[in-house]
Amino acid sequence: MTRQQAAKSLQPSPDGRGEKASRLFQCALQRVLVLPGEVHDLRDLGLGDFVGEDAAHPDAMLVHMQHDAGGVLAALLEEPLQHIDDELHRRVVVVQDQHPVQRGPLKLRLGFGDRCGALAAAALSLATAALLLAAGQLLHAGVDMLGQLQLAEHPVDLVFFYVPQLVQTLREDVYGYIAQFILHTSLVSQLFCHQIIWNMEANKYKDDLAEVEDPLKPTLDAMIQRIVGQLTGEAQAYYEREFAFFKKVTGISGSLRPYVKCSKPEKKAKIDEEMAKIAVEEGVYLPSNPDGAVVDIDRTSGRPLQSAAKTPFMATFKVRRPVTVRANDNDPLYEDVWQSAIFKVGDDCRQDMLALQVIAQFKNIFMAIGLDVYLDPYRVTATAPGCGVIDVVPNATSRDEMGRAKINDLSDFYKNRYGDEHSVAFQQARLNFIQSMAAYSVVCHILQIRDRHNGNIMFDGEGHVVHIDFGFLFDIGPGGMRFEPYSFKLSHEMVDVMGGHESPGFAMFEQLVVKAYLACRPFAHEIVATCGLMLGTDLPSFKGKATLDRLHERFKPNMTEREAALHAQWLVKDAYGNMRGTLYDLIQEKQNHIPYRR
């Protein structure tokens with residue numbers, strides 16, 4: 001099957017059920033392992049009537065599937081929310097959005113919902129083209145032109161996902177073809193135009209205080225000038241409205257700086273004063289959520305958030321979004337929702353942006369083969385040095401908040417929220433917990449995501465685990481140490497929610513970890529390439545090319561399928577109740593008062 005055929009077979013069905021279409025992409029995974037004697041009947045999981053997993057041929061060692069070289073790289077960016085609280089998890093602007101949609105007022109297809117197959121089929125050649133351009137292998141203009149032509153083949157929504165990498169390829173754009181591609185695409189899509197300008201602004205400096213210039217800054221200054229200079233008419237007016245609106249909103253954080261030592265009521269009064277000055281222009285939006293236009297502001301919603309030296313704040317906006325599913329022609333075309341956002345200046349969110357971009361790639365791999373695991377790659381947009389926008393998890397609470405609410409046991413939390421273990425609601429929540437734990441365990445290991453204390457682990461309204469705050473990954477850890485387990489965090493209370501170490505639920509978790517690990521191995525090169533294109537940023541997580549070598553090694557490319565499966569099983573064994581994880585929770589409790597269950 002060619003890439004074009006794969007993409008065509010995965011176009012959304014006429015009824016719009018893109019998820020069903022993505023399930024058809026079963027050929028994307030080349031291997032799924034089932035070890036002899038390790039296939040469990042998972043129907044007795046304590047999950048009632050939910051269908052368990054089983055192999056069609058339980059005695060088989062390997063189940064092979066066709067693999068299409070087109071690859072499953074492109075990510076699905078969803079619009080989830082995070083619980084808003086007074087503890088800011090390192091990052092900058094948090095946007096709350098209860099009603100994600102596929103189209104915005106600009107009538108631009110983001111394509112991150114139901115076009116999994118089409119994006120997947122194109123992503124590999126895009127990454128290859130970008131890698132050619134950035135690797136310094138441009139021996140002549142023909143190679144450079146080839147890269148540009150390959151990029152030009154792809155829809156704007158796919159290129160939109162790779163905006164950070166596209167900006168970095170300008171470092172090696174010897175003949176200016178990438179610059180021409182960016183200029184052309186900025187005229188085609190106002191959304192792309194805004195996003196790439198924000199990303200260029202964010203990459204002018206190496207640090208979040210805009211003190212250390214990146215050598216790329218002169219190029220980015222010139223590119224922004226050229227992009228803006230070619231805008232005319234309504235496109236120019238729209239650009240000016242959007243950027244002026246966002247500057248006024250984020251400027252409130254600067255207005256609060258003289259009040260950093262003041263009480264919360266004093267800070268709130270200042271926020272309300274500044275919010276009253278902001279006029280809402282037609283069509284403006286929040287950068288991480290361009291699908292809907294801001295039509296009003298709750299001017300008394302301002303709330304200062306806790307921070308020792310900075311001035312984050314929260315505010316609420318009314319957003320008008322197109323209705324994507326209408327029962328009949330008389331139903332309204334738009335709906336208004338209230339959307340809260342936390343604004344903060346002074347932290348570099350580009351590393352979070354990269355981590356979540358790669359998590360989105362993992363998600364797309366898993367979805368493409370129909371592997372029932374769960375990841376939530378909420379959207380992050382860097383807008384300036386030390387500034388950005390971050391979506392959050394809907395209706396969620398952190399493990400830290402549970403402890404502060406005197407519910408310092410995860411199993412008790414699930415029972416209180418979903419009912420006793422025999423209820424349908426609890427069974428579904430347990431299943432969601434297991435599926436999300438498996439996916440995040442594999443991702444946390446491969447990316448070596450650190451600082452996994454209870455404040456950075458969320459639980460959404462359906463029982464999924466969602467990890468947040470990716471300030472430490474690859475080769476760095478809090479305090480310059482890499483104290484946490486090499487495998488991943490798997491505490492005793494997490495296993496208790498699954499039903500215990502000897503339960504069918506834990507067996508399902510282990511099997512899903514193995515399957516997820518094997519599923520992503522064929523795409524190690526593409527994932528490493530996505531990260532490698534960002535080396536020039538000198539983000540703290542990068543320690544040169546050695547970081548990429550170690551990332552690639554964690555996929556165990558030289559192992560056989562069986563050896564890799566046994567390695568994944570070892571990771572589970574190493575993680576379960578690992579003393580390093582327990583001690584890290586103890587340190588966080590003593591230093592930062594983040595509770596955990598002993």
Side-chain angles (χ1 to χ4, degrees), residues 71-80 90-93 95 110-113 115-116 119-120 122-124 126-131 134 151 154 156-169 191-192 195-196 198-200 202-203 287-290 348-368 375-383 388-393 439-440 442-444 446-449 466-474 520 523-537 539-542 547-548 551-552:
V72 204
L73 266 188
L76 303 177
L77 296 185
E78 295 190 341
E79 316 277 338
R90 279 186 58 87
R91 288 305 169 252
V92 281
V93 185
V95 178
L110 298 185
F112 297 127
R115 301 182 66 225
C116 169
L119 295 177
L124 181 59
L126 173 64
T128 303
L131 189 59
L151 287 171
H154 304 301
V156 172
D157 51 12
L158 174 60
V159 179
F160 172 84
F161 178 73
Y162 287 99
V163 158
Q165 285 76 19
L166 194 60
V167 169
Q168 294 304 310
T169 62
L191 172 61
F192 176 86
Q195 294 291 328
I196 203 152
W198 273 317
N199 195 269
M200 288 178 177
N203 281 282
S288 69
N289 286 271
D348 191 347
C349 70
R350 291 176 299 165
Q351 188 161 281
D352 286 70
M353 192 172 183
L354 174 61
L356 287 159
Q357 186 183 32
V358 177
I359 290 172
Q361 290 180 314
F362 278 102
K363 175 176 179 174
N364 199 56
I365 292 170
F366 300 148
M367 287 189 66
L375 292 170
D376 183 359
Y378 53 91
R379 194 181 297 174
V380 176
T381 303
T383 59
V389 185
I390 299 181
D391 286 353
V392 291
V393 185
Y440 274 107
V442 171
V443 169
C444 284
I446 290 179
L447 300 185
Q448 287 292 283
I449 297 173
V466 180
H467 285 252
I468 63 170
D469 191 346
F470 304 101
F472 299 97
L473 67 155
F474 297 147
C520 62
F523 303 97
H525 175 76
E526 289 76 21
I527 291 172
V528 172
T530 298
C531 300
L533 290 169
M534 303 301 292
L535 270 180
T537 61
L539 291 172
S541 56
F542 290 125
T547 295
L548 302 181
L551 171 61
H552 189 257

Compare all side-chain heavy atoms of F472 with those of Q351 and state whether any distance is below 4.5 angstrom. no
Hey, could you give me the CG/OG1 distance between L539 and T547, rounded to the nearest 0.5 Å? 11.0 Å
Quick one: CG on L354 to OG1 on T537, what's the gap to the nearest 0.5 Å? 7.5 Å
When rounded to the nearest 0.5 Å, the distance separating OG of S541 from CG of L447 is 10.0 Å
Minimum heavy-atom separation for L473 and A355, please, with both atom names. CD1-CB, 4.1 Å
Is the shortest side-chain heavy-atom distance between N203 and W198 below 4.5 Å? no
Apply side-chain contact (heavy atoms from CB on, under 4.5 Å) to the pair F474 and L548, showing each step before the final yes or no. CA-CA 9 Å; F474 297 147; L548 302 181; over 6 Å; no
Are C520 and V442 close enough that some pair of their side-chain heavy atoms sits under 4.5 Å apart? yes
Smallest heavy-atom separation, T381 atom then P287 atom, equals OG1-O, 3.8 Å
Measuring only between side-chain heavy atoms, which start at C-beta, is L551 closer than 4.5 Å to C531? yes
Indicate yes or no: at least one non-hydrogen side-chain atom of P164 is less than 4.5 angstrom from one of M353. yes
Atom SG in C444, atom CZ in F470: separation rounded to 0.5 Å? 7.0 Å
Would you check if there is a donor-acceptor pair between the side chains of T530 and Q165 at a distance under 3.5 Å? no
Derivation and outcome, side-chain contact (heavy atoms from CB on, under 4.5 Å), residues L191 and Q195: CA-CA 6 Å; L191 172 61; Q195 294 291 328; 3.9 Å; yes
Nearest 0.5 angstrom please: N199 CG to L166 CG, how far? 9.0 Å
When you compare the side chain of I365 with that of I527, does any pair of heavy atoms fall below 4.5 Å? yes
Student check: side-chain heavy atoms of V466 and Y440 closer than 4.5 Å: yes
Does the pair M534 and Q168 meet the rule for a side-chain contact (heavy atoms from CB on, under 4.5 Å), with working shown? CA-CA 7 Å; M534 303 301 292; Q168 294 304 310; 3.7 Å; yes
Supply the atom-to-atom distance L356 CG to C349 SG, rounded to the nearest 0.5 angstrom. 10.0 Å
H467 side chain near I449 side chain, heavy-atom distance below 4.5 Å: no
